[in-house]
Amino acid sequence: MNSTDPIGLFDSGIGGTSIWKEVRALLPNENTIYLADSKNAPYGLKSKEEIIFLSEKNTEILLEQNCKLIVVACNTATTNAIKELRAKYKVPFIGIEPAIKPAALQSKTQTIGILATKGTLNSALFHENVAKHPEVKIVEQIGHGLVQLIENDAIASEEMTELLKSYLLPMVEKNIDYLVLGCSHYPYLIPQIKKIIPAKIKIIDSGEAVAKQTKKILEERDLLNVSNSTPTSLFYTNSSKDVLQKILSPIDTIFYKNF
Ligand code: DGL
């Protein structure tokens, strides 16, 4: 394994690019490869076994490309499959989980809201995490349909606004002062969410924490890329390149790959 090898990231689709953006910002010298498994989205409605199978498939594609570290840029895949991935492969994995801890520590109303997929909210890892915070009331909400709308290029649609209202307003009524976005697709909904919930409710996600943890692990293993060559970022999707291109910059290179 070399320090110039890429960091691999995968998600059930385009949402994990919100994590890729944080990694890119903190580690601009790193080569990256991003896999958007949009063909199989949403993972949130699949069984644990199916999520493990898809996560292993994605991992093996990234390992074929010599990735030195893999970011599981999907809460659903992390909470259902990261233990199995770590047991099976030697490469270091960084996972993403709903940021319950910072919200719980800072909440003044002792009530926090979590919007995430069914697969995340039903996972054992999520329940373990919740059990560590008996000091707060946690209002859980499944974001039914949100990932599908994002994958179908309907972020700013009326349907999205109506769905978000139906999920968020009951949480507001329960007096939450933190809203945790527990799905890597959801940071793309922040502009709409801000129009629905009062400004005093803080929105948090885990993107920055994942980037910091990635940097820490690379440093510890002496794997930070210190070469002077211009880094490359490659994106692979097994679905529409257009939808992915819209949330990236026009200069980012996206390839179609059947996986
Ligand atoms: N981005 C995934 C996550 O963070 C979405 C899961 C899905 O495809 O349902 O959970």
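Starting from 1, each residue takes its place in the sequence as its number.
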Is it the case that the side chain of [X] and the backbone of [Y] share a donor-acceptor pair, with hydrogens and angles ignored and the cut-off at 3.5 Å?
X      : Y      : result
Gln245 : Asp252 : yes
Ser206 : Ala209 : no
Asn129 : Leu125 : no
Gln141 : Gly113 : no
Arg86  : Phe93  : yes
Asn225 : Asn29  : yes
Lys68  : Ser3   : yes

Are more than 12 heavy atoms from other residues, nucleotides or ligands located less than 6.0 Å from atom [atom1] of [X]?
X      : atom1 : result
Lys118 : NZ    : no
Lys39  : NZ    : yes
Lys246 : NZ    : no
Lys21  : NZ    : yes
Tyr89  : OH    : yes
Gln110 : CD    : yes
Glu84  : CD    : yes

Do you see a donor-acceptor pair shorter than 3.5 Å between the side chains of [X] and [Y]?
X      : Y      : answer
Thr59  : Glu56  : no
Thr120 : Ser123 : no
Tyr43  : Asp11  : no
Glu151 : Ser38  : yes
Tyr188 : Thr17  : yes
Thr4   : Ser227 : no
Asp5   : Asn31  : no

Practice item. Carefully, step by step, assess Gln106 and Tyr178 under the rule side-chain contact (heavy atoms from CB on, under 4.5 Å). Key: CA-CA 8 Å; Gln106 294 172 81; Tyr178 276 82; 3.2 Å; yes
**Study point:** Salt-bridge present (Glu128, Lys132; N to O < 4.0 Å)
**Key:**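 No, this pair does not count.
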Check your understanding: Would Lys212 and Lys215 satisfy side-chain contact (heavy atoms from CB on, under 4.5 Å), going step by step from the backbone distance to the final call?
Key -> CA-CA 5 Å; Lys212 284 186 180 157; Lys215 185 173 180 207; 5.7 Å; no
Check your understanding: Does a side-chain heavy-atom distance below 4.5 Å link Val172 with Ile201?
Key ->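 Answer yes - side chains close enough.
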Practice item. Fit a plane to each ring of Phe235 and Trp20, take the angle between them on a 0 to 90° scale, and name the class: parallel (under 30°), tilted (30 to 60°) or perpendicular (over 60°). Key: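 Rings of Phe235 and Trp20: perpendicular, as their planes differ by over 60°.
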According to a hydrophobic-cluster definition based on side-chain heavy atoms being under 4.5 Å apart (Ile, Leu, Val, Met, Phe, Trp, Tyr only), do [X] and [Y] belong together?
X      : Y      : value
Tyr186 : Ile19  : yes
Leu234 : Phe259 : yes
Ile247 : Ile96  : yes

Review point. Just how far is it from atom CZ of Arg24 to atom CD of Glu30, taken to the nearest 0.5 Å?
Key: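 One gets 8.5 Å once the value is rounded to the nearest 0.5 Å.
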Review point. When rounded to the nearest 0.5 angstrom, what is the spacing between CG in Leu223 and CD in Glu220?
Key: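 If we round to the nearest 0.5 Å, Leu223:CG and Glu220:CD are 11.0 Å apart.
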**Study point:** Nearest non-hydrogen partners of Ile204 and Ala99, listed with the distance
**Key:**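 Ile204 and Ala99 have their closest heavy atoms at CD1-O, 3.7 Å.
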**Study point:** Atom of Met160, atom of Leu146 and distance for their closest heavy-atom approach
**Key:**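 Reported closest heavy-atom pair: SD-CD2, 3.6 Å.
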Check your understanding: For Ile197, which of Leu169, Ile176, Ile203, Leu164 qualifies under side chain to side chain contact (heavy atoms under 4.5 Å, CB included)?
Key ->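 Result for side chain to side chain contact (heavy atoms under 4.5 Å, CB included) with Ile197: Ile203.
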Point to revise | Partner of Ile14 under side chain to side chain contact (heavy atoms under 4.5 Å, CB included), chosen from Val147, Asp153, Ile150 | key: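 Only match with Ile14 under side chain to side chain contact (heavy atoms under 4.5 Å, CB included): Ile150.
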Exercise for review: Identify, with sequence neighbours excluded, every residue that meets side-chain contact (heavy atoms from CB on, under 4.5 Å) alongside Thr109.
Suggested key: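 If we apply the side-chain contact (heavy atoms from CB on, under 4.5 Å) test to Thr109, skipping adjacent residues, the hits are Ser107, Thr111, Asn175, Asp177.
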